[in-house]
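Note: hydrogens, waters and symmetry copies are ignored here, and every other heavy atom, side chains too, is used. Every chain is numbered from 1, with letters handed out A, B, ... down the list of sequences.
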Amino acid sequence: MARYSIFSLARNALTGHRDWPKLWRAPEPRPAYEVVIVGGGGHGLATAYYLAKEHGVTDVAVVERGWLAGGNIARNTTIIRSNYLWDESAAIYEHGLKLWEGLSRELNFNVMLRQRGVLNLAHTEHDVRESIRRVNANRLNGVDAEWVDAEGVKAFCPPISISPKVRYPVLGATLQRRGGVARHDAVAWGYARGADARGVDILQHCEVTGIRRVAGRVTGVETSRGFIGAKKVALVAAGHSSMLAEMAGLRLPVESHPLQAMVSEPLKPVLDCVVMSNAVHVYISQSDKGELVLGAGIDAFNSYGQRGGLHVLEDQLAALMQLFPSFSRARLLRSWGGIVDVCPDASPIVSKTPVEGLYINCGWGTGGFKATPSSGWTFAHTIARDEPHPLNAPFALDRFTSGALIDEHGAAAVAH
Amino acid sequence: MAEVREIDGLSLAVLRGGGAEFRAAVAGALGFGLPEAPNTVAAGGALWLGPDEWLLVSGEDQTGPLEEALEGQHCAVVDVSEARAVLELSGPGATEVLASGCRLDLDPLRPGACAQTALARAHVLLEPRAGGVWRLYVGRSFAAYARAWIEDAIALQAMSAPP
Amino acid sequence: MTGPRRLPEGGRIDRSRDLSFRFDGRRYTGHPGDTLASALLAGGVRLFGRSFKYHRPRGVMAAGAEEPNALVLLEPGRFAEPNLRATEIELYDGLTAESVNRWPSLRFDLGAATGLASGLFVAGFYYKTFMWPPSWWNRIYAPAIRRMAGLAKAPGEPDPEIYEHRHAHCDILVVGGGPAGIAAACAAAAAGARVVLADERPLPGGSLLDGPQRIGAEDGPAWAARMLAGTSAQMLPRTTAFGYYDHNFVTLAERLTEGLAPSERAGRPRQRIWHVRARRVVLATGAHERPLVFPGNDRPGVMLAGAVTAYIHRHAVLPGSRAVFLANDDSVYAAAREFARHGGEVAAIADLRADSTADGGGLPVLRGAAPVRSLGHGRVRGIEVATAPDGRTRRIACDLVAMGGGWNPAVHLFSQSRGALRWDDGLRTFVPGRSAQAERSVGAAAGRFDLEGCIAEGAEAGAAFARELGFEASVPPAPPGRPPHPAAALLSPPTGGGKAFVDFQNDVTASDVALARREGMHSVEHLKRWTTLGMATDQGKTSNINGLALMAAGLGVPPAAVGHTTFRPPYTPVPFGALAGRNIAALADPVRRTPMQDWQEAGGAVFEPVGQWLRARYYPRDGETMREAVARECRAVREAAGILDASTLGKIDIRGPDAAEFLNRIYTNGWKTLGIGRCRYGLMLGEDGMVFDDGVTTRTGEHRYLMTTTSGNAAAVLEWLEEWLQTEWPELRVYCTSVTEQWGTITVSGPHARVLLEPLVEDIDLDPAAFPFLSMREGRIDGVPGRIFRIAFTGELSYEVNLPWRRAAPVWAKLAEAGAVPYGTEAMHVLRAEKGFIVVGHETDGTVTPVDLGMERMLSSRKDFIGRRSLQRPDCLRADRKQLVGLLPEDASEVLQEGAQLVEAPGGAPPVPMLGHVTSSYWSPTMGRGFALALVRGGRARHGDRIWASATTGESRVRIVDPVFYDREGARLDG
Amino acid sequence: MMRIECPWCGGRDETEFHYGGEAHIARPPDPDALSDEAWADYLFMRANPKGVHAERWMHAQGCRRWFNLLRHTVSHDIVAVYPMGAPRPEAPETAR
Ligand SMILES: Cc1cc2nc3c(=O)[nH]c(=O)nc-3n(C[C@H](O)[C@H](O)[C@H](O)COP(=O)(O)OP(=O)(O)OC[C@H]3O[C@@H](n4cnc5c(N)ncnc54)[C@H](O)[C@@H]3O)c2cc1C
Ligand SMILES: NC(=O)c1ccc[n+]([C@@H]2O[C@H](COP(=O)([O-])OP(=O)(O)OC[C@H]3O[C@@H](n4cnc5c(N)ncnc54)[C@H](O)[C@@H]3O)[C@@H](O)[C@H]2O)c1
Ligand SMILES: Cc1cc2nc3c(=O)[nH]c(=O)nc-3n(C[C@H](O)[C@H](O)[C@H](O)COP(=O)(O)O)c2cc1C
Ligand SMILES: [Zn+2]
């Protein structure tokens, strides 16, 4: 792998940038691999990377039906934080945040992590109570968390309005200073490049259409580029998880919904942190190109359409006008949708399955970007050792039977 | 300019039930039959709300006689005179004012029709009446909001009329 | 004459009026009918802006919505609007605009230094660097990158403009008011269809305004005006269709005060967003001209050929005096002729096609010519072209380069509607293929460029759609097939001559495209994301096709194989405020009002949002703090009497022979034995076994019940009941009707409650002996028929009085006058918590079962109910589940923080195991100490244990106790 | 913004309706007789097809009636509307 640095850039500039190697190869599928990872999104690529790096498993293919990293990893609002309520969540997201903090150097690929701080606003007494509950839990779990009052919010985020006259005034917020944003595409590309360099085959435009099993064990996958044998098959297909699980005869407690996001035209920097509000329902940050990046909740219905209704965006923007009345004249540049896979308890599944050799990683719903490193890291462990890491053991499929759900709906504010 | 006002003094009741016997008893008590077609109004003052649900609107309380006539039947007669406020929107441009908050196709609605829908963020029952008047039935606690919303729309309409 | 480039006659401008305006501080003059761009061009201005990355000097390239370069901040100050395209801003007197993304000025921009290092700043460069030393990332690199971000400055103040919405329905929506769209709209309207015609420009006619087209004997704009004067179609000028959504839902942005100075806008809405539901849609959106990719193609003075004619015809501006026309299709010849006809000198028409047979009409033509690079500093002074067959280059002096690379149909909306695009090899671009919705593209938008054909195609589509919808229309024959309109393949630009731009605004060059290819970013989507091609504010209207064609050429595959990126709304940017509409400020969300709200507001109550209600939280008297007020209110209830506005509680009238059975299934406890006139507390679970809502339900008749719900859940509970009735148990004969707003509710509570209430009550015996706890009486209260319930959330003797909504306020006032102390939700919480009563949302969070709350006696074992089975799952049977307990801080003066976490010992190192958390915590004036309710792991077996509460404010030692703190025996219930 | 045909009120905008998820999930008549797995299946497991989906909607801002419909989860085309309790109709071939 050619190392990237300012020196390599300068050297290449002299030769007209003619000698840069490809970020990853475009190999032909081999007849069989030890592990086939289905889904070339952030989580799938991270899984491949850590399988190779942490577990020495390099006989791996990542099979992607479209262009690499074109799913939710390409369309999320890039919010990263680890201040979740429940112990299980805090542990896995905090592990992820720690990985984020070293990721650019680890991958020799700048993922542009910006730890600018994430504010989760409270607008009602109920919000305040639940926010403080979460801050206290976070601290005991070793997650940095603060409660700031309305003036503190204003000081941290000057463009926000804390007028008490609005319908849902800002009463305060939780603040995670280590939270922030990163460049979504870069994360996937960095993992892809790192995995490729360690021998992983990345197979684009290769859609899995069937999962072959013999006597309750997986033997490989049917794809649009032919059958590929595998000792282990790992499904990491986000919005399409149900479709894949069905190919192996599994039912999942997952529904796929459109989640929309949008950007404004680029503006000179005005907003330095991430602001999220559950009660008035919007979240926003400003990217390093200058666009305001916004999102909110899902469209209610099941869909694989990668688009939603304008009314959802209109409601978000009306909410935004309460918080940032000065953004009224920012203009919508582009809106889009992704398909998120939502579990009943708004927590993911990173688990073995009843089918031997088949593993599943899904249900990250509206909030899995931040978990890209830890999802891949724990899933790689689960696949390599055929048993979950303690971090992902609670996120097993059987919790839906036992009732040991990890319900992040109620208390953890918006799940992004 | 369009204008909006609240009207008082109407008795409102939600009537629920079904079947021939029910309809006959209701017709007997009210003196007119309930509207059968969805989103229509019977001239005597019954607005269709659902396949087994109507809003009775009248100058006087009808719940007593109805309950008597329907004695023994499975039905419901519930006084909602207080629960719903009645607004009337009239004057030039009233339909456009509504169209700024209602997603419904208002053009084809004529007296004799009614429709439940949303006005901005409040649920309303709309009843077009003679003379280009729109009657809006809205939850009592939402009345101030609905009225403020309409008044705002009227003001905007006044301003956006070409000078 | 307003400026050196203004033609002495012609144009759709009003020369009788001069408009004075400023750009970057300098004063210019224009006329009504000018855009900011045309007036500046007339004034001889060439430099309009700076590009995003390299801060290259840029002029205006186009004459409409596709303009990538000429972005300005309009009206710096209170009315500032960022990033508007000068080509779309209609001029008005006093207009002020500033260029963007430059410092300190447009002419001397320090940012242009990045251009010097542009060899480093190639596509994807930042992923490859800024990683060393690590500590520099946050301190140095990232802030530096951030300083380069953005175009215009964001307005800092609230927006003085207002925006409104309109919902509309029509039979046929026509987008685009050029010849094709007008023909379609008129044909459909003539048949009687409801037609809306939207066009983004101020005047109808589309490209008819841009050139010398005639229709029969009539000049184009006259034809357009005549057609529209005679139609019933509703014409919306200055209205951009920006989104095409499912089920023929199309959204339009109408600019209502475009061309008016802020002072003339007079409070009129700035924009109106139309939500149009159309049965059929005709897309007649025309086409955008493609630039050519050659070194220096971004130099100010290089324009699109069609734009040159548009400026001449619309605004009487000749954008140069000596021009070279670079032609890749025949339309450029017409542009050159127009330029010459209006006094310009055509130095050459350089036709890229060696085999072209187009007629130069006497103008000098070089066939098989290729642009090598533009010449000049800051502005164009000439161009170097290579000519076939020997590739000899020559330099031609000129001050204008007009390029035409062919035309791209404006397929944006078609593609948004999910229609499939098809690559057309003749046009070398994408054209609409299969439709996905009830829609048709016509005219230039469909790749048809002959005027008669456009009109015929529009008329046919309009009439055919009208007929489809049941109107009588004679459908004119479809026009014959499209005449060929070939363009040559895009040339790969010569290298070495400088930057050849593909995406002008984002500074993506042909060599960036090549680099992306070399690094393996072959997919058009990777190309976009690696280089940012097409991601600028123009969304690649002029660059996308060139970019993918270059990639295709580099890969040696047909462009169709590379494909296109996804077209997404909006077509052109729309202000956030416009999309928010009026659902802002006071109208942001309905405030539901109780009958007592006027009284409470007048009395200075402090409110808190509960659902959409604002409930009085406490009633501070002069100088009282919240704690003092709440303590006073609590004491009043415990010692005398208080009144609470409980009107917000949900009330549902439930009737029918199966009502009791229905309640039995919905609630966890049994309902078959409840007597008429009696009340019972009920608990509702979700099917997952978790507590969902609670409340008291009263049997008001043989088959009648009145259910109350929590204030926030009223609508959800009614919906829940209806859902089960309609979808699961249609056999149950039950009707549910909301009567929340029928009954205003006043809770009179305290030992003096009866004495206070008695004078107002005529025919109900309030004596607890005659009117026992948990029963209901009907009677007249203050002369009005009402109901009284003996329910006590405070633990004291209480009467919950229900009165007709509007009759409640007078009774409230009388009670207050008689000495009842109004108490708010906060005192209510203190009082109920002292009694150990839960509140849904405090003690529950969707993960709490009735067993956790110590309410197992509420679970009937003799029947099934919603959620019952879930309680038998292993996790619900665990002994160490979190259970409801009381907490007493060891320091009696302390009030624990709500949301404090509970731990065994203080000061542990993370992760510290947590036992639970404080769900409610108050100062109890009754006990004279702080107390709390909490959920604690295995808590019921731990009464007496001492644990610690960990709060943001510190750690404190607490004792676990029974959750009932006050009057365990219920001795006070009857006063 | 889809347009949904209420069987009673006619075509109305999506925002007037509440979505009710997968249709035809009957509450088990005897929950006690079910294993934890079977109960979890009823509670949580959902068909989540990429294609025609049978689902429930309720006309919340209108007649408040629940009904079923068949909708394609990619095109969002609604191919059938039918009452609660009625069996799932055959999906027409045209559904994309
Ligand atoms: C609008 C939006 C905003 C969001 N905002 C945030 C946020 O702010 N913070 C946050 O933490 N999270 C956020 N998320 C969630 C986050 O994006 C996802 O949880 C996460 O990206 C999912 O993991 P992934 O990257 O692997 O998924 P994806 O990128 O979707 O990868 C799955 C891949 O599987 C492929 N695939 C599917 N089926 C097959 C098949 N049959 N064969 C082969 N390949 C197949 C897909 O093509 C896809 O590339 C957001 C999501 C969206 C849509
Ligand atoms: N000779 C050539 O090569 C050539 C090339 C292009 C066009 N033309 C001529 O152009 C004409 C084409 O007629 P036409 O009617 O198809 O197109 P048109 O260009 O005349 O009209 C399209 C109109 O739609 C507007 N528009 C585009 N997108 C819009 C949107 N989203 N919302 C609102 N308005 C929008 C445009 O501003 C324009 O006014 C013919 O006369 C043809 O000869 C010729
Ligand atoms: C954080 C973030 C920032 C984005 N910024 C821009 C932008 O500046 N310009 C733009 O055109 N699109 C931007 N996009 C959106 C992408 O163009 C694209 O819409 C998104 O990746 C989804 O892909 P699709 O629209 O091709 O389906 C951004 C997306 C994300 C996730
Ligand atoms: Zn309906």
Side-chain angles (χ1 to χ4, degrees), chain A residues 65 207 209 237-247 249-258 260 297-315 337 339-347 349 354 362-363 365 396-405 407, chain D residues 1-6 11-25 28 31 34-61 66-79 81 88 91 95-96:
Chain A
R65 83 191 159 108
E207 176 163 8
T209 52
H240 282 75
S241 299
S242 298
M243 308 295 302
L244 282 160
E246 198 184 288
M247 294 176 198
L250 283 180
R251 302 234 301 157
L252 288 181
V254 157
E255 291 187 88
S256 295
H257 294 277
Q260 300 184 69
I298 58 170
D299 284 57
F301 50 83
N302 292 46
S303 171
Y304 289 85
Q306 286 199 339
R307 67 187 187 283
L310 179 70
H311 58 286
V312 176
L313 307 189
E314 288 181 334
D315 285 347
I339 297 304
V340 296
D341 46 331
V342 181
C343 277
D345 59 354
S347 285
I349 299 166
C362 67
L397 255 177
D398 61 13
R399 73 177 189 272
F400 297 96
T401 308
S402 70
L405 303 188
D407 194 334
Chain D
M1 173 69 68
M2 297 191 291
R3 187 159 175 89
I4 296 172
E5 202 67 27
C6 168
R12 298 291 185 90
D13 277 4
E14 175 194 332
T15 45
E16 290 197 2
F17 298 84
H18 280 191
Y19 180 58
E22 186 182 351
H24 309 297
I25 298 178
L34 297 187
S35 65
D36 286 343
E37 284 73 21
W39 181 250
D41 207 77
Y42 158 67
L43 274 186
F44 296 127
M45 301 299 165
R46 293 294 175 263
N48 186 23
K50 185 173 189 170
V52 175
H53 187 223
E55 59 196 29
R56 311 181 312 157
W57 289 81
M58 193 266 289
H59 190 188
Q61 302 279 11
W66 283 90
F67 55 93
N68 292 324
L69 54 78
L70 296 184
R71 186 180 56 91
H72 196 282
T73 56
V74 179
S75 71
H76 299 170
D77 286 348
I78 296 170
V79 293
V81 178
R88 175 183 171 141
R96 284 175 302 244

query: How long is the span from the CE atom in M45(D) to the OG1 atom in T401(A), to the nearest 0.5 Å?
result: 6.0 Å
field: Spacing of E255(A) atom CD and H53(D) atom NE2 [to the nearest 0.5 Å]
entry: 6.5 Å
- prompt: So which of G305(A), A245(A), G309(A) has the biggest tally of heavy-atom pairs under 4.5 Å with chain D?
  reply: G305(A)
Chain A contacts, top residue of E22(D), E14(D), H18(D), E55(D) (heavy-atom pairs, under 4.5 Å): E14(D)
- prompt: CG of L397(A) to CZ of F44(D): how many Å apart, nearest 0.5 Å?
  reply: 12.5 Å
task: Go through the atoms of L250(A) and report whether side chain, backbone, both or neither lie under 4.5 Å from a heavy atom of chain D.
output: neither
message: Between S256(A) and N48(D), do the side chains contain a donor N or O and an acceptor N or O under 3.5 Å apart?
response: yes
field: Which atoms of V312(A) approach chain D - backbone, side chain, both or neither, heavy atom under 4.5 Å
entry: neither
- request: Inspect the surroundings of CD in E246(A) and state if more than 12 heavy atoms from other residues, nucleotides or ligands are less than 6.0 Å away.
  value: no
statement: When every non-hydrogen atom of S303(A) is compared with those of H76(D), the smallest separation belongs to OG-NE2, 2.6 Å
task: Could you grab the distance from atom CZ of F301(A) to atom CG of L69(D), nearest 0.5 Å is fine?
output: 11.5 Å
query: Y19(D) versus chain A, heavy atoms under 4.5 Å apart: side chain, backbone, both or neither?
result: side chain
message: At a 4.5 Å cut-off on heavy atoms, which part of W39(D) comes close to chain A: side chain, backbone, both, or neither?
response: neither
query: Could you state the interatomic distance from OG (S242(A)) to NZ (K50(D)), rounded to the nearest 0.5 Å?
result: 11.5 Å
- prompt: What is the distance from atom CG of N302(A) to atom CZ of R46(D), rounded to the nearest 0.5 Å?
  reply: 10.0 Å
- prompt: Given the options S402(A), G403(A), C343(A), A300(A), which has more heavy-atom pairs under 4.5 Å with chain D than any of the others?
  reply: A300(A)
